[in-house]
Amino acid sequence: LTVLSYRKSSIDGNLRGVIVVYRNLLAEMKRNDIKNRDIADCIGVSARTASNKINGRSEFSWKETCSIQRMFFPDLTKEYLFGTDSKTPF
């Protein structure tokens with residue numbers, strides 16, 4: 001799993017860093033009609049927190065990735081679901 005890292009720019013004070021995109025997780029959620037609320041209920045967080053995690057604004061814990069994979073995608077690997085494409089937001 002990817003660790004997000006952010007740093008403040010000394011020039012303009014804006015946050016700079018890496019945005020993590022869980023493309024496979026998002027695609028599988030869509031294919032299986034799984035909503036952010038379903039993921040939130042599974043890992044015991046608010047819908048907003050789940051959305052932030054799914055969209056790469058914050059990290060999933062190992063326990064959360066295991067819970068999501070076991071409940072919704074038992075035939076898929078965590079490596080596939082939570083493999084990332086990292087993009088720099090500049």
Side-chain angles (χ1 to χ4, degrees):
L1 298 177
T2 302
V3 175
L4 298 178
S5 67
Y6 289 92
R7 61 179 169 77
K8 221 171 209 189
S9 168
S10 60
I11 297 171
D12 59 9
N14 291 325
L15 289 177
R16 304 269 191 232
V18 176
I19 297 173
V20 177
V21 180
Y22 297 106
R23 292 178 191 255
N24 294 338
L25 176 62
L26 290 167
E28 295 298 335
M29 286 173 64
K30 187 169 187 159
R31 263 186 220 111
N32 293 284
D33 196 32
I34 296 168
K35 308 292 184 222
N36 288 2
R37 175 84 252 160
D38 300 323
I39 299 293
D41 290 343
C42 173
I43 61 176
V45 299
S46 70
R48 181 182 198 121
T49 297
S51 177
N52 286 339
K53 290 174 182 270
I54 292 164
N55 291 300
R57 291 184 208 90
S58 62
E59 285 184 73
F60 285 102
S61 70
W62 179 251
K63 183 178 177 183
E64 290 168 339
T65 62
C66 292
S67 295
I68 292 166
Q69 187 262 339
R70 253 192 324 267
M71 178 165 289
F72 298 109
F73 311 105
D75 296 332
L76 301 174
T77 66
K78 285 180 275 307
E79 292 77 14
Y80 167 75
L81 290 169
F82 297 97
T84 60
D85 293 331
S86 297
K87 304 208 184 273
T88 310
F90 316 119

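All heavy atoms count here, side chains included; hydrogens, waters and symmetry mates do not.
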Original post:
So, the side chain of Asn24 versus the backbone of Tyr80: is there a donor-acceptor pair under 3.5 Å, distance only?
Top reply: yes
Original post:
Does the side chain of Ile54 reach to within under 4.5 Å of the side chain of Phe60, using non-hydrogen atoms?
Top reply: yes
Original post:
When rounded to the nearest 0.5 angstrom, what distance separates CG in Asp41 from CG in Asn36?
Top reply: 11.0 Å
Subject >> Shortest non-hydrogen separation from Glu64 to Val45 and the atoms involved >> reply: OE2-CG1, 4.2 Å
Original post:
Which heavy atom of Arg57 sits nearest a heavy atom of Ser51, and at what distance?
Top reply: NH1-O, 3.8 Å
Original post:
Is it true that Lys35 and Asp33 make a salt bridge, defined as a side-chain N closer than 4.0 Å to a carboxylate O?
Top reply: yes
Original post:
Out of curiosity, Leu76 CG to Phe82 CZ, how far, rounded to the nearest 0.5 Å?
Top reply: 10.5 Å
Original post:
At what distance, to the nearest 0.5 angstrom, does CG of Asn32 lie from CZ of Phe72?
Top reply: 10.0 Å
**OP:** Write down the atom of Ala40, the atom of Ala50, and the distance for their closest heavy-atom approach.
**Re:** CB-CB, 3.6 Å
Original post:
Do Lys78 and Trp62 have side chains that get closer than 4.5 Å, going by heavy atoms?
Top reply: yes
Subject >> Euclidean distance, Ile34 CD1 relative to Glu28 CD, rounded to 0.5 Å >> reply: 8.5 Å
**OP:** Would you give the length of the straight line joining atom CD1 of Ile68 to atom NZ of Lys63, rounded to the nearest 0.5 angstrom?
**Re:** 12.5 Å
Original post:
Rounded to the nearest 0.5 Å, how far does NZ of Lys53 lie from CD1 of Ile39?
Top reply: 12.0 Å
Original post:
Of the non-hydrogen atoms in Ser67 and Ile43, which two are nearest, and what is the gap between them?
Top reply: CB-CG2, 4.4 Å
